[in-house]
Amino acid sequence: MNKREFLRTTLLSSIALTFLPKINSKAFGLSAIPSDVFKFEQSPLEYAFDALEPYIDAKTMEIHYTKHHAAYTNNLNSLLKDNHIKESNIENILSNISKYPTGIRNNGGGYYNHELFWKIIKPGGSTTPYGELLQAIEKNFGSFESFKEQFTQKAMSVFGSGWTWLIKTDNGLSITNTANQDCPIMDVVSERGRPIIMIDVWEHAYYLKYQNRRKDYIDAFWNILNWDVAFANYAAV
Ligand code: MN3
């Protein structure tokens with residue numbers, strides 16, 4: 001900036017300041033400044049990174065939560081800002097995702113899916129399914145053991161990156177896969193429903209500990225599955 005530009009900038013700034021309305025900074029605190037776009041935040045993890053050992057290792061959990069999930073969240077916020085989208089309900093966005101840019105589909109799904117995933121697993125798991133959810137599982141899949149087998153087979157069949165879900169549909173329970181970060185509430189997937197149980201089968205979810213052994217990771221998943229949350233997901237729909 002040369003001297004003339006400097007003077008011009010300074011002069012314009014002074015004029016601008018003169019015409020700015022006087023703001024009482026104490027009465028008008030930072031939090032009161034209207035935010036144009038809602039910002040999504042990662043829920044705090046309810047257990048330590050190493051709490052799921054030996055089923056999911058601490059390093060995987062740390063990278064998965066602080067890098068992968070954080071990146072989806074930050075990217076989602078940036079994309080909403082850039083596209084001037086003010087919707088603050090992630091389920092409203094995802095259930096109408098065909099109307100949004102692809103980046104919001106990928107990162108909005110990434111944000112939401114991991115929010116669900118951190119809650120469906122917990123240290124030590126919680127016994128076995130019970131109540132109406134167990135009855136529905138037995139009705140739809142024959143038995144709990146048969147359900148586990150079918151869910152495992154479905155998760156093994158994901159080609160590339162994706163998720164496997166137990167969902168509640170109008171016709172009962174169903175096991176379905178989604179590619180990338182799609183999820184069953186999106187209006188673009190082949191089979192829609194409300195998520196009850198979900199497993200992330202992207203390699204970043206298990207590769208450090210299990211490498212190519214996805215089956216071992218899925219088998220381990222049953223030991224940390226939080227059936228109380230699964231039951232709550234089921235009862236909520
Ligand atoms: Mn993931």
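Whatever order the structure lists ligands and atoms in, that order sets their numbers, starting from 1. Sequence positions, counted from 1, serve as the residue numbers for this chain.
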Closer than 2.8 Å to the Mn ion (ligand 1): does that hold for any N, O or S atom in H69? no
Per the side-chain contact (heavy atoms from CB on, under 4.5 Å) rule, which among M198, K154, M156 passes with T164? K154
min-distance N/O/S atom, D200 vs the Mn ion (ligand 1), resolves to OD2
Degrees at the Mn ion (ligand 1) between the NE2 atom of H114 and the NE2 atom of H204, nearest 10°: 140°
Checking T152 side chain against K148 main chain: does a donor-acceptor pair fall under 3.5 Å? yes
S95 vs M186, test: side-chain contact (heavy atoms from CB on, under 4.5 Å). Steps then yes/no. CA-CA 4 Å; S95 56; M186 288 180 172; over 6 Å; no
When you measure from the side chain of R213 to the backbone of Y206, do you find a donor-acceptor pair of N or O atoms at a distance under 3.5 Å? no
Please find out if the Mn ion (ligand 1) and some N, O or S atom of H68 are separated by less than 2.8 Å. no
